[in-house]
Protein chains: 2
Amino acid sequence: MSGASKSSGRSIADEAAARKRGRSLAALGYTKPRTYEELRAVLSSGTVHFPKRLRQVAIFLWQHPSDVALGTIAQVAEQAGVQPSTLVRFAQIFGYAGFSDFQGLFKDHVKGSWPEGRARDGQEQAAAEPNANLHFLNGLVGASQASLGRIDKDFDIASFERMVDLLANADLIYVIGSKRAFPVTTYLSLTLSQQGVRNVLVDNVGSTALDQVGCIGSRDAVLAVSFSPYNSITPDLVAVAHERKARIVTITDSTFSPLVQLSDTWLEVVEQDFAGFRSLAASLAVGMALVHGVVARRTA
Amino acid sequence: MSGASKSSGRSIADEAAARKRGRSLAALGYTKPRTYEELRAVLSSGTVHFPKRLRQVAIFLWQHPSDVALGTIAQVAEQAGVQPSTLVRFAQIFGYAGFSDFQGLFKDHVKGSWPEGRARDGQEQAAAEPNANLHFLNGLVGASQASLGRIDKDFDIASFERMVDLLANADLIYVIGSKRAFPVTTYLSLTLSQQGVRNVLVDNVGSTALDQVGCIGSRDAVLAVSFSPYNSITPDLVAVAHERKARIVTITDSTFSPLVQLSDTWLEVVEQDFAGFRSLAASLAVGMALVHGVVARRTA
DNA sequence: TGAAAATTGGAAATCGTGTTCGAAAGCGGT
DNA sequence: ACCGCTTTCGAACACGATTTCCAATTTTCA
């Protein structure tokens, strides 16, 4: 609220200053947004086209309003990945004198939705859900959360560390998984690559998977992901890799998985399902942690 | 959060300084409260008796936590009807270096009760975790759960139903998404197929994506998934589909997505990230719900 | 391809904020 | 009522935060 009161007394000078820079939105027929909702409306209208960095700022403001309200300009800038001056420029484009002034908008908003907005009614809401689609969505969310919750409970950290070791020491990592596991492997492969870890995603495009794994050497490692029913091509591919003496680490959902016997180390991740639709949340989280562990080990 | 981290590094010196003033609570057997809840507990315990001005401060803190979090010391002092220095003294009595440090408590609390800040819970929980890998895993789980939690809060059920409508009435569904969105689209495509809904996953294998979307007709629909940064091929592909008069529904993470303007209907799903690794849990859950909705509509 | 314009990064300068400190006022005990 | 201790006040100071400005870079348009 202080920000608002302060700005009101200086708005004329502010706008004059901004206009002098020739970038004020007033020139575009916009008036300075006076509330957080107005700002959101302007941002979402899509009529304003920002260059790269300023767009980055807009996206961050959109997604993390409370961080903007509570932080200093330096903190916000770092989190958004831009320079502090960029934030100031952004604020000025909207007709504000500077960041502090602009921040008042966010402070007001956060304060406004407090403490009335504290109603933690997740459970009650779900219980009396009239809409079938919402009911289903809540069921899926529940299944995902249950899967995630189970990770904390019984997680074999020793196996996990062995897996990190094996993968980190590998020459090349082959990522294998089909059907339901494929989304997991694509994300793992993408993330590994983004982190600079060379890897091959065995996707079986062109039915070349067997030939790909035929190239595996004894200094390579296989990261396999497989869920029941185990009727996909994955066990076959892993068996080939096993014959070729590669290290094999597996994420699967039971000891009955045919991959368990082939693996040097394996982790059990059980996903909950709702009405036949199975979550992938836990597998993704564990997989990401694996990637992170490998990167950390390699750069150490 | 910055306040908290800052304090941890200086706490020893802080407490020494406070003790020298002879008013530290440590002398009374109290330890410095580390969270807002702990502070409330101490205040409400009634075991500490403050002189007039300090009591005034305590009452104000109790009743207006958000003002304390958002304001400057001068503003808080004025609202509470005391001098700024009184606030500093109050903070020091509790073992903090000063008001800024103390204020961090309130900022954390406010941010924690704000949707996108909830992953912090997992992070702090993990702070006591000795194993770095476990810490990271917990962070990811926290991010996933925060993402899922946000679905309940603000979900545009109307948009969702329009999306189901459009997809259910489509002749053929094209599923488009690249990079981080690709795992989501692969799972959507797989599930659609398993449920008997004909669809094309535009995966750009062989760089044929443009040719694929060139076949889209006006009775088809596109289900696009895209996250920031929006620098992939997805917008180009969707633009082609748009020109060919197909219905377009989108799952994305902000209004700045270039897909929004091309879409008939879109849903905002914001994923939390942890150390740069972003969750997909919420997008997957929403996507699955979409598939289920389409199947239900078609078989009805 | 080259020139002009727009955008961005970064450091220097400015401004505001929090903290400290000494003096004054209040309070309780003798 | 006096003395000593505690609490409060308010101004000066120092620090950190914000803003400004200019050079470097990127983009745009001819």
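For the numbers below, each heavy atom of this structure counts, side chains included, while hydrogens, waters and symmetry mates do not. Sequence lines set the chain letters: A, B, ... in the order given, protein chains first and strands last, and positions in each chain run from 1.
Here the C1' atom of nucleotide dG16(C) and the CD1 atom of I73(B) are 13 Å apart, to the nearest Å. Counting to the nearest Å, the P atom of dT7(D) and the CZ atom of F90(B) are 13 Å from each other. Between Q75(A) atom CD and dA17(D) atom C1' there is a gap of 10 Å when expressed in whole angstrom units. Following rounding to the nearest Å, R89(A) (CZ) and dT20(D) (P) show an atom-to-atom distance of 12 Å. Rounded to an integer number of Å, the gap from L87(B) CG to dG18(C) C1' is 11 Å. What separates CD of Q92(B) from C1' of dT8(D) is a distance of 14 Å, to the nearest Å. Between I93(A) atom CD1 and dT8(C) atom P there is a gap of 8 Å when expressed in whole angstrom units. Note: CZ (R55(A)) to P (dT27(D)) measures 15 Å, nearest angstrom.
Applying the 6.0 Å contact sphere to CD of Q194(A) captures more than 12 heavy atoms from other residues, nucleotides or ligands.
For Q83(A), no side-chain nitrogen or oxygen approaches OP1 or OP2 of dT7(C) to under 4.0 Å. Not one side-chain nitrogen or oxygen of S85(A) sits closer than 4.0 Å to the OP1 or OP2 atom of dT20(D).
Side chain of Q63(A) to main chain of D253(B): a donor-acceptor pair is present (N/O by atom type, distance under 3.5 Å, no hydrogens or angles). Panel note: side chain T208(B), backbone N204(B); no donor-acceptor pair is recorded below 3.5 Å.
With dT19(C), dC9(D), dA17(D) as the choices, the nucleotide that has an atom nearest any side-chain atom of T72(A) turns out to be dA17(D). Distances were taken from every side-chain heavy atom of S100(B) (C-beta onward) to each of dG9(C), dT18(D), dT19(C); the shortest belongs to dT19(C).
Donor-acceptor pairing under 3.5 Å is recorded for the side chains of Q56(A) and R53(A).
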